[in-house]
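This chain uses plain numbering: 1 for the first residue, then up along the sequence.
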Amino acid sequence: MKIAAVTAALALLAGCMSLPEVPTREYYVLEDPGGAGGTAKAEASSGRVLLVNPSTASPFYDTQSLVFSRAPGQRAYYQFAGWTERPGRAMGELLARRLEAAGGFRAIAATTAGVRGDVVLHIRLEEFYHDVTGNPGSVRIEVTGVLVEPVARTLIARRRFVQGGPAAEENAQAAVAAFNRATAALLDEMSEWVVRAAAAPAR
């Protein structure tokens with residue numbers, strides 16, 4: 001009887017005590033709202049083959065987690081929000097689509113495709129975070145692009161691109177919307193630069 005009484009008491013206690021509900025982790029897709037349709041067409045094809053090297057990222061951003069900053073020089077990860085694909089890799093794929101749409105090259109392929117190219121594009125994601133030092137904050141994206149002539153191994157051009165914009169609210173969903181807008185603006189700049197710089201006569 002004592003065992004039955006203790007069991008009943010524990011069951012009653014368990015019923016009164018409910019564990020807090022843990023939010024589910026949500027994943028977002030990094031998108032290009034401008035899309036291929038927003039890409040300015042090249043005046044003419046350079047006749048060159050562009051090889052796109054797999055993009056890299058600064059170690060802290062080489063993750064599927066969304067990053068935020070509450071103070072200058074500090075970074076942290078959102079606990080319950082992430083990307084479906086690492087932003088560095090996604091940025092490289094989105095840029096390749098933009099360049100295909102621009103039509104400034106005879107062909108575009110990955111360096112892993114095993115084809116010969118005239119120009120190689122290297123992309124590195126330097127910064128990609130939601131700045132919440134102010135409310136509701138803003139996003140910041142920094143990407144470095146490097147164009148190299150593969151045979152002579154000479155530098156053709158190098159440039160750092162910076163884009164950002166305000167978020168509507170201080171949460172992950174609003175940050176993602178701001179990241180998408182900033183990404184489209186950055187791809188506008190970067191695709192135009194790649195086409196122009198790669199078509200310039202060799203020095």
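By the 4.5 Å heavy-atom criterion applied to side chains, Tyr129 and Arg140 are counted as neighbours. With contacts defined as side-chain heavy-atom distances shorter than 4.5 Å, the pair Phe128/Leu66 does not qualify. Two residues are said to be in side-chain contact when any heavy atoms from C-beta on lie closer than 4.5 Å; Tyr28 and Asn180 fail this criterion. Side-chain contact between Ser191 and Leu95: present, with at least one pair of heavy atoms (C-beta onward) separated by less than 4.5 Å. Side-chain contact between Phe179 and Ile141 is present, with at least one heavy-atom pair separated by less than 4.5 Å.
Separation of atoms CG (Leu30) and OG1 (Thr183) is listed at 4.0 Å; rounding is to 0.5 Å.
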What donor-acceptor contacts under 3.5 angstrom involve side-chain atoms of residues 161-176, with partners at least two apart or in another chain?
unit_1: Gln163; atom_1: NE2; unit_2: Glu189; atom_2: OE2; d: 2.6
unit_1: Glu169; atom_1: OE1; unit_2: Asn171; atom_2: ND2; d: 3.0
unit_1: Glu170; atom_1: OE2; unit_2: Arg70; atom_2: NH1; d: 3.1
unit_1: Asn171; atom_1: OD1; unit_2: Gln173; atom_2: N; d: 3.3
unit_1: Asn171; atom_1: OD1; unit_2: Ala174; atom_2: N; d: 2.8

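Summarising the geometry of Ile156 relative to Ala197, their closest heavy-atom pair is CG2-O, 3.7 Å, with the distance given to 0.1 Å. Nearest heavy-atom pair across Gly92 and Ile123 is CA-CD1, 4.0 Å. Contact record, Gly104 with Val195: CA-CG1, 4.2 Å, taken as the closest heavy-atom pair. Of all non-hydrogen atoms in Tyr61 and Pro87, the two that sit nearest each other are O-CD, 4.3 Å.
Sorted by first and then second residue, the pairs that involve residues 58-69 and meet salt bridge (Lys or Arg N to Asp or Glu O under 4.0 Å), not counting sequence neighbours, are Asp62-Arg86. Among residues at least two apart or in separate chains, salt bridge (Lys or Arg N to Asp or Glu O under 4.0 Å) pairs with a member in residues 73-83 are Arg75-Glu127.
Partners of Val146 by side-chain contact (heavy atoms from CB on, under 4.5 Å), not counting sequence neighbours, listed by chain and number: His122, Thr144, Val148, Leu155, Arg158. Remark: Val29 pairs with Glu31, Thr84 by the side-chain contact (heavy atoms from CB on, under 4.5 Å) rule, at least two apart or across chains. Qualifying side chain to side chain donor-acceptor pair (under 3.5 Å) partners for Glu85, counting only residues two or more places apart in sequence or in other chains: Arg89. In this view, Arg106 satisfies the side chain to side chain donor-acceptor pair (under 3.5 Å) rule with no residue, not counting sequence neighbours. Listed by chain and residue number, Asp32, Pro33, Arg98 satisfy the side-chain contact (heavy atoms from CB on, under 4.5 Å) test with Ala184 (two or more places apart in sequence, or in another chain). Legend: residues meeting side chain to side chain donor-acceptor pair (under 3.5 Å) with Thr133, ordered by chain and number and at least two apart, are Asp131. Under the rule for a side-chain contact (heavy atoms from CB on, under 4.5 Å), the partners of Ala109 that lie at least two apart in sequence or sit in another chain are Leu51, Ala113, Val115. Residues that satisfy the side chain to side chain donor-acceptor pair (under 3.5 Å) test with Ser65, not counting sequence neighbours, are Arg25.
When the side chains of ILVMFWY residues are joined at heavy-atom separations under 4.5 Å, either directly or via intervening members, Leu50 and Trp193 end up in a single hydrophobic cluster. The hydrophobic clustering, which links ILVMFWY residues whose side-chain heavy atoms are closer than 4.5 Å, places Tyr77 and Val139 together.
Hydrophobic cluster membership for Val151: none, as no Ile, Leu, Val, Met, Phe, Trp or Tyr side chain comes under 4.5 Å of it.
Gln64 places a side-chain N or O within donor-acceptor distance of the main-chain N or O of Trp83, the cut-off being under 3.5 Å.
Of the candidates Arg124, Met190, Arg159, Glu126, Met190 is the only one forming a side chain to side chain contact (heavy atoms under 4.5 Å, CB included) with Val143. Each of Asp118, Val120, Thr111 was checked for a side chain to side chain contact (heavy atoms under 4.5 Å, CB included) with Pro150, and the lone residue meeting it is Val120.
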